[in-house]
Amino acid sequence: METIKYIPRGVCSRGMEIDVEGGVIQAVRVMGGCSGNLKGIASLLKGMRVEDAIARMEGIRCGMKPTSCPDQLAQALKSAR
């Protein structure tokens with residue numbers, strides 16, 4: 001199993017860890033940010049293929065910000081390729 005550790009930029013969360021095995025997300029942990037929303041996202045991502053997660057989350061914005069926590073999760077997954 002690979003653990004991706006990522007420091008997000010431009011969002012409220014301070015750190016992200018994603019466990020991936022065989023191209024499938026096993027667990028997501030986000031430090032900081034909107035707890036309830038991120039716990040929900042983490043639950044939805046569990047069991048999802050990395051490529052599908054990137055396709056669904058990349059480019060999502062948070063208000064007027066050019067990025068969001070879901071977009072940063074996609075960037076984290078892309079950085080590990």
If you round to the nearest 0.5 Å, how far is [atom2] of [Y] from [atom1] of [X]?
X	Y	atom1	atom2	answer
I4	K78	CD1	NZ	13.0 Å
M16	Q75	CE	CD	10.0 Å
D19	R29	CG	CZ	4.0 Å

* Measure across A53 and L77 and return the closest heavy-atom pair with its distance rounded to 0.1 Å. => CB-CD1, 3.9 Å

* **Heavy-atom closest pair, residues C69 and S13** =>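 Taking C69 first and S13 second, the nearest heavy atoms are SG-OG, 3.4 Å.
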
* **Any pair counted as salt bridge (charged side-chain N to carboxylate O under 4.0 Å, His left out), so long as it reaches residues 2-15, sequence neighbours left out** =>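 Every candidate salt bridge (charged side-chain N to carboxylate O under 4.0 Å, His left out) pair involving residues 2-15 fails, so no pair, neighbours aside, qualifies.
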
Atom pairs and distances, donor-acceptor, side-chain atoms in residues 39-52, under 3.5 Å, two or more places apart:
| from | atom 1 | to | atom 2 | distance (Å) |
| --- | --- | --- | --- | --- |
| R49 | NH2 | E51 | OE1 | 3.3 |

* Answer with yes or no whether the hydrophobic clustering places I18 together with V11; edges join I, L, V, M, F, W, Y residues whose side-chain heavy atoms lie under 4.5 Å apart. =>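 No, separate clusters.
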
* To do: Treating Ile, Leu, Val, Met, Phe, Trp and Tyr as nodes and any side-chain heavy-atom pair under 4.5 angstrom as an edge, say whether V20 and V24 lie in one connected cluster.
  => no

* To do: Kindly write out the residues that satisfy side chain to side chain donor-acceptor pair (under 3.5 Å) with T67, not counting sequence neighbours, or none if the list is empty.
  =>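 D71, Q72.
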
* Report, as yes or no, whether the 6.0 Å neighbourhood of atom CZ on R61 holds more than 12 heavy atoms from other residues, nucleotides or ligands. => yes

